[in-house]
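One is the number of the first residue; the rest follow in order along the sequence.
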Amino acid sequence: MTSSSVGCTHGVPVEHLDYSYIEKCTDAKHLEKILRELRSGKEGFYPHLITFCESHLERLNPKSRALWRENPAGTAASLSKDEWSQIVSEMKIWEEETKKSEASLKRHPVCDDSTPPVRGSKCFIPLNKKLIPEEEKTPSKCAFPPEYPGCMKAEGHAALLSQEQKLLLANCEQDKGDEAFRTKDFEEAAANYSRSISVLPSVATYQSQAEAKINLKHWHRAMADCQHMLQLEPGNINALLCRAAVYDHMGEFQMASEDLRAVLKDEPANATATQLLLKIQKKVSERPPDQQHDSRRLFIHEAGDEEGNRSQEKQPTGIDSPQDLCILYSNRAACFLKDGNSQDCIEDCTRVLELQPFSLKPLLRRAMAYESLERYRRAYVDYKTVLQIDISVQAAQDGVSRITRMLMEQDGPEWREKLPDIPPVPLSAQQHRKVEPASAEVLQARAEKAARDAERRAEVLFSALKQEGNDLVKKAQYHQAVGKYTECLKMKPDQCAVYTNRALCYLKQEMFTEAKQDCDAALKLEPTNMKAFYRRALAHRGLKDYLASRSDLQEVLRLDPSVQEAEKELEEVTLLLRQSPQDKPRKVVPIREVDNEENVADVSNAASSCTGEDLSIHLHPSSAFEFCQALNAARCSKNTAACAELLASTAPQSLPQFLSNQLDGHTISFMMQALDSHLLEKDPYLVYRHLNQLHMVDRFRTTLMLLEKDERDRMMQLFERLSAVESTEFNKNDVQNLTNKYI
């Protein structure tokens with residue numbers, strides 16, 4: 001170990017796993033390494049350091065891949081019952097539509113191969129076929145997907161690849177086929193095996209393709225693959241077993257038995273061959289005696305002159321009707337297209353079009369064949385001609401879209417100028433579909449269906465939001481739950497349960513005014529809702545309105561006397577209500593005998609404090625006793641100016657302590673009058689601060705209920721004048737919120 005690697009893990013020194021280094025580091029790449037090392041836990045688990053590193057990396061590179069997090073896949077447990085049932089129903093509908101579409105495609109062979117073979121179809125092009133005639137050979141895009149290693153950019157033909165590239169490409173297609181085979185998509189597997197063989201034939205690939213075709217019940221094609229295997233490797237055990245299985249399915253038991261005996265001759269212990277041979281012998285023994293030895297042999301001969309035989313096959317004999325010839329040529333073109341023989345498909349389609357111009361199916365098949373050979377200009381012309389005949393052909397629409405992208409990449413912006421002329425289609429050959437306007441009943445049915453769908457989606461969303469809110473309440477995340485319930489009420493403002501749930505969240509956050517408002521709304525919807533009464537009682541208690549709280553609790557017990565929580569809460573509120581007028585014991589004032597005239601004069605002066613005479617008032621009190629003495633003296637003498645001066649010299653935050661249990665309705669009214677008459681014009685912000693502290697006095701709520709109507713009117717007049725004041729320290733909304741505490 002070198003000295004540089006000491007204390008270093010995966011290229012990250014241990015001393016770099018530190019707050020100070022991470023904070024100073026400006027290299028995002030190195031921070032990603034540090035983050036990966038911290039997450040691995042090899043040096044210990046430090047969640048705060050990981051979070052710190054993530055936040056610093058996010059500031060440097062918000063798009064860093066190291067910050068990506070995987071969201072867990074949704075399951076039935078993470079979704080509501082309504083959401084899950086909706087997903088299941090939609091999946092069933094999608095599955096049925098897919099099955100219908102597949103069945104339709106199988107019945108309509110033209111649409112089976114709307115994608116050319118070199119770009120993912122189930123066809124293949126034999127190695128002995130020339131993809132492009134010599135006179136049309138031009139550089140083109142790669143025929144294989146760009147992710148394949150060794151992909152040629154000028155020519156996509158396998159003949160131009162090196163042996164190593166062929167092997168890599170063939171193995172890639174073989175792997176794709178194996179994956180499709182494991183998922184039982186045998187058609188896709190056979191297509192991938194076919195492409196692998198077209199690049200580099202091998203015994204293993206032929207065997208895999210034969211097994212896929214056996215599963216598809218394509219016995220003759222599977223037999224051909226077995227023959228290819230035996231040509232590449234005579235006496236191959238797997239080839240003989242595969243061919244025996246094909247013979248078995250075809251009913252050629254004698255041929256199957258010969259292959260199996262050949263296998264057992266080389267490998268006497270081969271269990272597969274032994275079991276299959278016993279199975280065949282059992283089938284033969286179960287046949288009637290006259291048929292046990294009546295087995296026909298099928299001999300497959302290789303064509304010596306392939307071109308000559310093909311030319312003889314292509315010319316049907318004994319048919320004079322042009323219409324019959326067109327049907328035969330068109331059907332054979334479809335077969336050529338499925339087998340990947342695009343050149344012969346083009347020739348047969350051309351013959352049909354010479355006999356019957358503007359035939360739809362031959363034009364579409366020839367366009368697909370041209371596309372598979374990468375002759376995109378001719379394919380584009382045929383696709384456009386098909387759309388002139390019938391614009392509703394989806395395969396032609398998709399083909400035009402694909403070819404347009406190819407030609408734009410190949411020829412650039414002037415690609416249209418290089419196209420051959422598109423022949424005009426006569427009106428007699430056009431198949432226009434008239435779309436009749438929908439009737440009023442149909443339009444109404446569509447509108448009703450859209451409304452039902454929207455209502456169903458809204459119901460699902462409402463249920464999901466409500467469930468999320470309930471889950472957040474269980475986790476004690478009340479603030480987030482309030483947001484969910486608020487969204488629910490925007491969708492359905494008539495849901496009493498949502499109001500009571502949100503009121504519970506407000507109570508947990510000690511937002512008693514908001515809780516009371518939600519309970520009021522719930523009781524408007526359901527006047528006998530016990531939850532609303534009970535939670536409003538708790539809100540009243542939090543607001544120290546014990547009378548209202550007791551009234552709501554009594555209503556709960558009237559509706560259901562068995563609610564023990566309400567009964568217990570009522571006892572506590574009743575006790576608080578009894579204690580509220582006498583929170584603190586009154587001070588005992590000793591009464592003494594008077595011995596001389598001086599004391600008599602003092603007493604007479606004290607007694608005259610409520611006769612309206614002007615007395616000296618202590619304007620800088622240092623205790624609650626001095627403040628109350630000065631306030632009582634000013635009130636008894638009706639000296640509002642002195643009261644205003646007393647309040648101006650007293651800090652507003654001291655009011656709750658100074659007044660304490662000395663507050664009554666007349667004192668509140670007198671203080672309001674002093675503030676309105678003398679302080680509002682001089683210092684409105686001081687008035688606002690005093691009012692903001694006055695309602696915090698212990699007995700304020702009880703005392704406020706004792707005010708007369710004229711006293712309440714004077715108090716509201718003070719708030720109206722205060723809200724009209726323009727100030728930088730407070731605004732109208734602040735005054736309104738303060739007013740609500742006095743109502």
Side-chain angles (χ1 to χ4, degrees), residues 71-108 110-111 114 386-387 389-401 430-473 480-503 505 517-529 531-532:
N71 292 328
T75 60
S78 61
L79 299 173
S80 66
K81 184 177 180 181
D82 293 337
E83 286 180 313
W84 184 251
S85 61
Q86 180 185 2
I87 291 172
V88 171
S89 62
E90 290 178 353
M91 287 296 292
K92 288 182 179 178
I93 294 172
W94 174 80
E95 184 179 2
E96 292 174 359
E97 291 176 351
T98 303
K99 289 181 179 178
K100 291 179 182 178
S101 177
E102 289 178 354
S104 174
L105 291 175
K106 289 179 181 178
R107 290 194 301 268
H108 198 293
V110 175
C111 299
S114 59
V386 170
L387 292 177
I389 298 171
D390 188 353
I391 197 172
S392 64
V393 179
Q394 187 62 39
Q397 295 176 2
D398 297 340
V400 168
S401 300
Q430 296 181 11
Q431 303 174 11
H432 296 288
R433 295 185 179 179
K434 295 182 180 179
V435 181
E436 298 181 358
S439 62
E441 293 79 3
V442 174
L443 293 176
Q444 183 179 0
R446 290 176 182 173
E448 291 176 356
K449 183 178 182 300
R452 288 195 301 271
D453 293 342
E455 184 178 355
R456 184 184 63 177
R457 288 193 294 270
E459 185 66 31
V460 170
L461 180 59
F462 174 83
S463 301
L465 289 172
K466 184 178 177 182
Q467 186 61 40
E468 289 178 12
N470 295 343
D471 294 339
L472 289 170
V473 170
Q480 294 87 338
V482 166
K484 298 297 181 182
Y485 290 138
T486 303
E487 293 181 25
C488 288
L489 292 174
K490 289 179 182 177
M491 299 174 63
K492 291 186 178 183
D494 57 346
Q495 294 294 311
C496 179
V498 180
Y499 279 113
T500 56
N501 289 351
R502 192 171 69 172
C505 296
Q517 292 172 355
D518 275 358
C519 293
D520 291 340
L523 290 171
K524 287 181 181 179
L525 296 171
E526 293 184 16
T528 59
N529 190 289
K531 281 188 178 180

According to side chain to side chain contact (heavy atoms under 4.5 Å, CB included), who are the partners of [X], at least two apart in sequence or on a separate chain?
| X | value |
| --- | --- |
| Glu95 | Lys99 |
| Ser85 | none |
| Gln480 | Leu472, Gln477 |
| Glu441 | Ser439 |

To the nearest 0.5 angstrom, please state how far the [atom1] atom of [X] sits from the [atom2] atom of [Y].
| X | Y | atom1 | atom2 | value |
| --- | --- | --- | --- | --- |
| Ile87 | Asp82 | CD1 | CG | 11.0 Å |
| Tyr499 | Lys524 | OH | NZ | 9.5 Å |
| Ile93 | Thr98 | CD1 | OG1 | 11.5 Å |

Legend entry - Any donor-acceptor N/O pair, Ser101 side chain to Glu97 backbone, under 3.5 Å: no
Inset, instruction - Without swapping roles, check the side chain of Glu83 against the backbone of Ser80 for a donor-acceptor pair under 3.5 Å. - result: yes
Excluding sequence neighbours, so at least two apart, what forms salt bridge (charged side-chain N to carboxylate O under 4.0 Å, His left out) with [X]?
| X | answer |
| --- | --- |
| Glu459 | Lys492 |
| Asp494 | none |
| Glu468 | Lys484 |
| Lys449 | Asp453 |

Legend entry - Flag side-chain contact, heavy atom, 4.5 Å: Thr500 against Asn529: yes
Legend entry - Gln495 side chain near Phe462 side chain, heavy-atom distance below 4.5 Å: yes
Inset, instruction - Could you walk me through whether Arg502 and Leu489 pass the side chain to side chain contact (heavy atoms under 4.5 Å, CB included) test, one step at a time? - result: CA-CA 10 Å; Arg502 192 171 69 172; Leu489 292 174; 3.6 Å; yes
Just to verify, what does [X] make a side chain to side chain donor-acceptor pair (under 3.5 Å) with, not counting sequence neighbours?
| X | answer |
| --- | --- |
| Glu96 | none |
| Ser463 | none |
| Asn501 | none |
| Gln444 | Glu448 |

Of the non-hydrogen atoms in [X] and [Y], which two are nearest, and what is the gap between them?
| X | Y | answer |
| --- | --- | --- |
| Cys488 | Lys466 | SG-N, 3.4 Å |
| Gly469 | Tyr485 | C-OH, 3.3 Å |
| Val473 | Ala481 | CG2-CB, 3.8 Å |
| Met491 | Ala458 | CE-O, 3.2 Å |
| Cys519 | Ala503 | SG-CB, 3.7 Å |

Inset, instruction - Show your working on side chain to side chain contact (heavy atoms under 4.5 Å, CB included) between Arg457 and Val460 and close with a plain yes or no. - result: CA-CA 5 Å; Arg457 288 193 294 270; Val460 170; 5.7 Å; no
